[in-house]
Amino acid sequence: MITLASDFGSPYPAAMKGVICRESGARIEDVAHDLPRQDVRAAAFWLTQTLPYFPPAVHCVVVDPGVGTDRAALVVRAGEHALVGPDNGVLLPVARELATSGGRRDTVEHGSASPDSQARQDAVETFTWAYDDPASSTFHGRDVFAPAAATVHETGVEAVETLSRASPTDDYTDLQLPEPAVQADRAAGEVLVVDDFGNAITNVPGEVLADAFGGQVAVDGEPVPVRRAYAELAPGERLVTVGSHGNVELAVNRGRGDDAFGVAAGEGVELSW
Amino acid sequence: MITLASDFGSPYPAAMKGVICRESGARIEDVAHDLPRQDVRAAAFWLTQTLPYFPPAVHCVVVDPGVGTDRAALVVRAGEHALVGPDNGVLLPVARELATSGGRRDTVEHGSASPDSQARQDAVETFTWAYDDPASSTFHGRDVFAPAAATVHETGVEAVETLSRASPTDDYTDLQLPEPAVQADRAAGEVLVVDDFGNAITNVPGEVLADAFGGQVAVDGEPVPVRRAYAELAPGERLVTVGSHGNVELAVNRGRGDDAFGVAAGEGVELSW
Amino acid sequence: MITLASDFGSPYPAAMKGVICRESGARIEDVAHDLPRQDVRAAAFWLTQTLPYFPPAVHCVVVDPGVGTDRAALVVRAGEHALVGPDNGVLLPVARELATSGGRRDTVEHGSASPDSQARQDAVETFTWAYDDPASSTFHGRDVFAPAAATVHETGVEAVETLSRASPTDDYTDLQLPEPAVQADRAAGEVLVVDDFGNAITNVPGEVLADAFGGQVAVDGEPVPVRRAYAELAPGERLVTVGSHGNVELAVNRGRGDDAFGVAAGEGVELSW
């Protein structure tokens, strides 16, 4: 199986599918093609929320504001999965997850500060992918990454090192999703992404709310109810909850949390309880 | 085959696909992931316009404003099809269609007041689906419904009752799409949904226009041409037609009917002729 | 394999998929369902940018402002590919490409004025597809073209003429994408489409910029840098580049070219150097 994720919108991903179908009979599944445009960090976050649910696969990821410059192409092996994409960090956060879970997420995990953080990093294998001068300098998804993903799939994830284009490297761009500052009675974090419902997903781990359900927490100084489900409050009411990602989320029942809280991706949020 | 329909936008459905691919080799086809958000009735309508064209399949439907509350999960068997989703009524209108057509729509049918209405209802089999405390209280598409759909698919639609999680029940939330009031020279209905072209699709059966093609009908008192095809009029002209659903539709050739008629989903429309 | 391309948005394409799945086990891949609405020329352009990358397939294309009128349905055989859609010209530009490349694009080609232009045209085989009175006059994608694509797929592209519904014809609507006027020091063209990034894609062949990279070109009289990659300039800066289609493109690094240059699809652009 080959999955595709990009910020291309439409119809560019179809050219990538065509290229892959010429080189491989692999099943293709779309992850998303409307990842936040040219936002490497947001894309990296969404990959951690989607790829770990898949069985072993080759994941072709193209969020690539540096397309056509001298940034390298990267193949990352993580457990039984492989990731193919630009060397801008987008592949690394999810690779660390896939490497140590065997690529399987059964429960929501948190905390890059966990004891196995180094083990996770060590279990990720990175390769520079050598590519010929591509047909375009603006669409490496079609000209570089889709062919690479097909080749890796046909060769097998376990045999990446047998490919002459793949050179093991430790010289790559890393990316860490930002860590919140968590104290006994407060946490300072930020909004990582806003989802299509308008839920503002922060980097604050949901554990901080463990004793707050049914009560309140202060968001930037204003008290807001803490609930497990959106529908525990009336339509239009603001709430703080723990989303499917395990993080604190600012939401509105049947409405948009980003509007109601006046927040956007990248902005700071302070919680106190 | 497993089909997926939701109001999730992107990229949440990818996690559902991953979960299914771990448990089943079933082909997955997307129906839509931009169903009108948290609008159970609109979703129920669109399901009647899409699922009956599919061969027997397991259809996983998640439009679920009550996620995380105590609303049940439901499996509905309808002919050779199974539907999996929240117990909020969204599955029932299409289930009645699938149950009596053997899941095959060759012609457009109308009229829930037809003589076989009770037979349709009787042919629908409903099961409560017991689920363990899910990983999240906000994303049962991933944690409850996708795994349920995979299990039903692997077990076989004909064997749902052999699954210990499935308990036959008659205690479920039903939903009927609203019926218009049709008289000899007028009909009072409402707009069920507006499609992406801007066509306002009403619940008034197209039969009322049988003698009006080429002539006019009054929409809320204003005369409007009745035509079979949009392009029978000049671009920008308003028309009344019968859409692919068999219902009266308010449209504009190469334009948006909702804007031109000033209507939105849920609003009343009166036709007279 | 059957590919689907339309301007339907969602969820209408699901009904087409269902119809195809009833008649054929073919793999289905979406090309796009948000092609510029009812814009036959823009759709024709996007098809030339996507379908030639696919292996031999049946491509079902529905951008059909004349649905329900007496416009014919067409099957076009082009090399090992077949195209199915309305007789409004949308299939022809890509058919000429597919016919002579054997359906394979390895390099970007330009110039319908090339010597093999006539050969391309001759290699395209067109058939009128006879269809029964369809269930709807507004959704031939579901009622005419999807069934036709399934039938052509099951019969085989090489055997279209054995189908009683298919009658060879030379009487069809052709479409040529507009040609720019290229002189020694200037080119007058137009914007064909704007992609989802906001890049304004013109019909001016990229060759005119061959000596200009690193320098400037005048766009409607204003000097603009010419670069191979968006990221060669600072975010927000305007540039002229050659896109993945091989054409001149007006762009902004990490921004929207259409807004920055004040252009839209169909508008003229003059370049001088």
Side-chain angles (χ1 to χ4, degrees), chain B residues 1 3-6 9 27-36 42-43 45-57 59 103-109 193 195-199 201 206 213 227-233 235 239 241-247 249 251 253-256, chain C residues 1-2 4 6-30 32-40 42 62-71 86-88 132-147 150 173 196:
Chain B
M1 180 180 300
T3 78
L4 299 180
S6 78
R27 177 173 176 166
I28 298 175
E29 292 291 344
D30 289 313
V31 170
H33 292 293
D34 56 357
L35 291 173
F45 173 76
W46 281 121
L47 295 176
T48 66
Q49 298 308 309
T50 49
L51 302 191
Y53 297 97
F54 278 88
H59 306 286
R104 172 157 199 127
R105 178 185 288 186
D106 286 313
T107 55
V108 178
E109 293 177 58
V193 296
D195 73 14
D196 284 354
F197 288 87
N199 300 314
I201 301 171
F213 287 103
R227 297 292 184 272
R228 291 197 187 277
Y230 307 118
E232 291 181 43
L233 294 169
L239 70 151
T241 190
V242 178
S244 59
H245 27 75
N247 291 5
E249 181 179 298
N253 184 28
R254 300 199 184 209
R256 293 192 65 91
Chain C
M1 182 181 298
I2 296 177
L4 299 180
S6 78
D7 63 353
F8 286 150
S10 170
Y12 292 118
M16 296 176 63
K17 291 181 190 176
V19 166
I20 290 171
C21 288
R22 283 201 177 274
E23 306 298 330
S24 167
R27 178 172 174 166
I28 298 175
E29 291 291 344
D30 288 313
H33 291 292
D34 57 356
L35 292 173
R37 195 143 278 165
Q38 298 165 333
D39 184 338
V40 170
V62 194
V63 176
D64 189 17
V67 61
T69 63
D70 60 1
R71 67 97 190 81
D87 179 18
N88 61 17
D132 304 326
D133 192 28
S136 79
S137 56
T138 58
F139 191 9
H140 287 191
R142 179 191 73 189
D143 299 331
V144 175
F145 300 117
T173 303
D196 284 353

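Every chain is numbered from 1, with letters handed out A, B, ... down the list of sequences.
For C/Asp39, there are no salt bridge (Lys or Arg N to Asp or Glu O under 4.0 Å) partners, not counting sequence neighbours. Residues passing the salt bridge (Lys or Arg N to Asp or Glu O under 4.0 Å) test with C/Asp132 are C/Arg165, sequence neighbours excluded.
Atom CD in B/Glu232 sits 7.5 Å away from atom OG in C/Ser137 (nearest 0.5 Å). A distance of 6.5 Å separates OH of B/Tyr53 from CG of C/Asp143, quoted to the nearest 0.5 Å.
The greatest number of non-hydrogen atom pairs below 4.5 Å with chain B, out of C/Lys17, C/Met16, C/Arg37, is found for C/Arg37. Heavy-atom pairs under 4.5 Å with chain B peak, among C/Pro65, C/Ala146, C/Pro13, at C/Pro65.
Residues B/Ala32 and C/Ser10 share a closest heavy-atom pair of CB-OG, 3.3 Å. B/Thr50 approaches C/Ala14 most closely through the heavy-atom pair CG2-CB, 3.9 Å. Smallest separation of non-hydrogen atoms from B/Val242 and C/Thr138: O-CG2, 3.8 Å.
Between B/Pro235 and C/Gln38, the closest side-chain pair of non-hydrogen atoms is not below 4.5 Å. With contacts defined as side-chain heavy-atom distances shorter than 4.5 Å, the pair C/Phe8/B/Asp196 does not qualify.
Neither the backbone nor the side chain of B/Arg227 comes within less than 4.5 Å of any heavy atom of chain C. Looking at C/Arg27, only its backbone comes within 4.5 Å of chain B, counting heavy atoms on both sides. Contact of C/Ile20 with chain B is not made at all, since no heavy-atom distance falls under 4.5 Å.
B/Trp46 and C/Tyr12 have perpendicular rings, their planes meeting at more than 60° on a 0 to 90° scale where under 30° would count as parallel.
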B/Phe197 vs C/Asp7, side chain to side chain contact (heavy atoms under 4.5 Å, CB included): CA-CA, chis, key distance, verdict
CA-CA 9 Å; B/Phe197 288 87; C/Asp7 63 353; 3.8 Å; yes
